[in-house]
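A short write-up of the structure that comes next.
Quick caveat, the model's predicted, so the values are computed rather than measured.
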Amino acid sequence: MMEKSDNLVLLRQVVAYLLCLCIFTRSASAIEGFESIACCADSNYKDPLTNLDYHTDYAWFSDKTSCRPITSVLKHSSNERLRVFEIEKGKRCYNLATTKDQVYLIRGTFPSENSAGKASFDVSIGVRELGAVISSPQDLRIEGVFRATKNNTDFCLVTEEGNPYISLLELRSVSEEYLQGLNSSVLKLINRSNLGGNEDDIRYPTDQSDRIWERTTTIPYTPVSFNISILDHKSKVTPPLEVLQTALTHPERLEFNHNGLEAEEDYEYLVFLYFLELNNSVREGQRVFDIYVNSEIKKAKFDVLGEGSNYRHIALNASSANGSLNLTLVKASGSVFGPSCNAYEIMQVRPWKQETNQTDLKAISKIREELIIENQDNKVMQSWTGDPCMLFAWHGISCDFPNGAPVITELDLSLSNLKGSLPSSVTELTNLQIMNLSHNNFNGYIPSFPSSSMLISVDLSYNDLMGSLPQSFNSLPHLKSIYYGCNDRMNHEPSSSGSLNISILTDNGRCQQENNFPQQAVIISVVACGSFLIAMAVGTIFVWRYRQRLNPLEAFARKSNPMITNVIFSLNSIDDFLIKSVSIQAFTLEYIEVATVKYKTLIGEGGFGSVYRGTLENGQVVAVKVRSATSTQGTREFDNELNLLSAIRHENLVPLLGYCNENDQQILVYPFMSNGSLQDRLYGELSKRKILDWPTRLSIALGAARGLAYLHSFPGRSVIHRDVKSSNILLDHSMCAKVADFGFSKYAPQEGDSAVSLEVRGTAGYLDPEYYTTQQLSAKSDVFSFGVVLLEIVSGREPLNIHRPRNEWSLVEWAKPYIRASKIEEIVDPGIKGGYHAEAMWRVLEVALQCVEPFSTNRPAMDDVMRELEDALIIENNASEYMKSIESIGSNRYSIVLEKRGLPSTSSMVESTIIPQSLNHPQPR
């Protein structure tokens, strides 16, 4: 009986032991809010130092060919491998599970040994930059603290020029109080010091948040240690007791210097100081000191024992001084003992940035999930990581920023080799305007879109879709065109669409590529193409032989000089194959990198790529536009801009200073426009600083009109811009308007041109509806877009804003009724009310109304628009002279006057009218 009882007791002890072991193991390896990733590790493992479980990253990136061994020993890590992302430009992100509103610490480890070669790249938490990794002899850890905005968070490696790499990624939940009310900010760790520590660095399990406290013992300061318990402390960011039981002290002062901070950036800092009095003989008022940051006193007469406890901590706001942050503790007058400090942390406050609209983000994530099922190895899908709009937009996605938050307006996955069902979640992209999924292998049926859809153009041609077009297309208010040809299993009979509006069925389901294409035509095409290629090859050889015969001194100069000037070369015009002689300045890639300080200062992003600020050798400040690898604009647009701006010069067009086309890099260099864009001045960030007054707006409108009029009347052949919008009207230091971005510009069609199908280009809100419907290009399309710009200038509103009431989404449709009813006060920007002459305002509104006529034949020419604006500016600047002149002089210029107003036609001014010299229309140069 006794033996049985003893066995029962023993069994209970074993169970209790196993239970405790299980609880301990779970607390160490499955901690809530912890995620530990060992990149490219052969298998999951338990870290011997922390007893934490680490998982491989194959669930995020399955490609084992991107793994590299690490031969050196990493501090705080037992992982012996790293992952190298072999991408020239773009981002790769780890999507981590988080709890919304929870505060986390996140830490990445980047070994100094990167066998893929030198690289530099940025690290971000979502869209918020955390820091930069630059190859160096030392291992690097980048750590930040952030508040999760949703139930998943991206940790991204973003590169402009190399292959980013990583070995460890660690996520830990931490105290709420770190952010100090900075709900939208990210804190980057600069330093975390365990002062006077007599052991190795301290981390988990001693620190339950797995913060790494680095041992710091600095001569001539005296380390102090004592086993003492903390009394009455309530801090949630308290270091562990092992950290607080050591300190540094000095009879007069303690000083800690941190250099090498980002001197160019105006970052704020948070300094957390931790104090525990380790000398039991010290009494209140005996250890008192002043705390300085960069010689500025932040806390006077600080006494650790001053609040009745032997422990205190404080948080200080600070700014760096020329890249340095100096923390100094100085003994106060009358104090018995000198200053003492146990630990401190320095955090850099990184600004918050707007992520993609959450509705769009959820929708595009669902689309990715649908596509990845049958396209796991597709390169497009592999690049879809992180935020779809920010820090390199996803391939095939274009975004707009109507109210600061990016929204997805275009999905172009054409020619992406995608297969499977058409993603049904595409109907949830509420801001989508252009959808092009053509030339893939999609099957299944076309989903129905809600009536609230913003779709303007749909291209589903060249797939394997079935069924009929959904009736929902008929209720989409903005839909202008549908292409669905070359889907053999679709029902293409017009009757199948029932009451569907046939006018928007651009191809009516017909397949452009007939199967019985005559063999003779194929032969002719092959011969023609072969002849063209032979001619091009002969020309290339001729140019090469000519260059070989250059004077040796000239050849040496070209090789040694980083900047080549007055280079003469030829480019093929995509439009008409005319050979144009170009004389512009060429820069080497090395020169560009020096001028931009390795692309340090980003000043903008567009469809072509990122724009950086730089300075040439002569001191001129420039804007350097670098084509992104994921850009939707390619070599054609690059060549187009080179061709056009090398032949055209005008004071109201942004000039091209030079270019670089080296190592697959396509770069364009322009003068820097210090006053930004018209869009930003009307309703962007710059508008918040100062309202643009009416005379300045009118002068800008006239300058832009002159630039466009010059293009339209260019000698030899008219040029059509094709993307006129307020963001493409830039302002120099004197607020002179200059039209920019000619990547989509075309020569106007002429009689005898071959019928080449042009892809419709433009921006939603500015796009000429007739051009969209007919695809017939004319200068009047630019006129329509410019009319929208004029309405922007008057109203201070965006051309398209779906966050307004439905009848106000389109600026054009909202403004028209008010103009026709002569209610200008209803549409004029409140910021300029009372600051304009009514007649001048009417001139602008009337010409704007005529510009946005649906049919191009009813629109004025750009020359006429320019003259109306000249008159309006004269009226604004010299109203009395104008009123005298109209009493006796009529108008013989193009004029637009609403009959409802009953105003006379007064576009023409008498020759004696005083016209400021700056308003004289410049002659083409």
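A donor and an acceptor atom, one from each side chain of D782 and H712, are located under 3.5 Å apart. Side-chain polar atoms of N431 and N357 form no donor-acceptor pair below 3.5 angstrom. Between the side chains of D723 and T763, at least one donor-acceptor pair of N or O atoms lies under 3.5 Å. Donor-acceptor pairing under 3.5 Å is lacking for the side chains of R797 and Y683. Counted by atom type alone, S726 and Y766 present one or more donor-acceptor pairs between their side chains at under 3.5 Å. Between the side chains of R722 and Y771, a donor-acceptor pair is found at a separation under 3.5 Å. At a cut-off of 3.5 Å, with distance as the only test, no side-chain donor of D680 or S677 sits close to an acceptor on the other residue. No side-chain N or O of E651 forms a donor-acceptor pair with one of Y710 less than 3.5 Å apart. A donor-acceptor contact closer than 3.5 angstrom links the side chains of D387 and T356.
Residue K833 places its NZ atom among more than 12 non-hydrogen atoms of other residues, nucleotides or ligands, all under 6.0 Å distant. Counting heavy-atom neighbours within 6.0 Å of K816 NZ, excluding the residue itself, gives a total above 12. The local environment of NZ in K823 is sparse, with at most 12 non-hydrogen atoms from other residues, nucleotides or ligands closer than 6.0 Å.
Within the 4.5 Å cutoff, the side chain of S718 has no heavy atoms near those of the L711 side chain. Side-chain contact between S856 and E770: present, with at least one pair of heavy atoms (C-beta onward) separated by less than 4.5 Å. Put simply, the side chain of S785 does not reach to within 4.5 Å of the side chain of D768, judged on heavy atoms. Side-chain contact between Q433 and I408: absent, with no pair of heavy atoms (C-beta onward) separated by less than 4.5 Å. At a threshold of 4.5 Å between non-hydrogen side-chain atoms, the residues Y818 and I824 do not count as touching. Using a 4.5 Å heavy-atom threshold, the side chains of K746 and L777 count as touching.
Taking the six-membered ring for Trp and thresholds of 30 and 60 degrees, H478 and W809 have nearly parallel ring planes, at less than 30 degrees apart.
Between L479 and S457, the shortest heavy-atom distance links the atoms CD1-N, 4.1 Å. For the residue pair R649 and L656, the shortest heavy atom distance occurs at NH2-O, 3.2 Å.
Taking the ring centre of F784 as origin, the terminal cationic atom of R859 falls outside the region bounded by 6.0 Å and 45° from the ring axis. The cationic group of R804 does not satisfy the cation-pi geometry with W814, failing either the under 6.0 Å distance to the six-membered ring centre or the 45° limit from the ring axis.
K725 has no carboxylate O lying under 4.0 Å from a charged side-chain N of E792, or vice versa, which leaves the two without a salt bridge.
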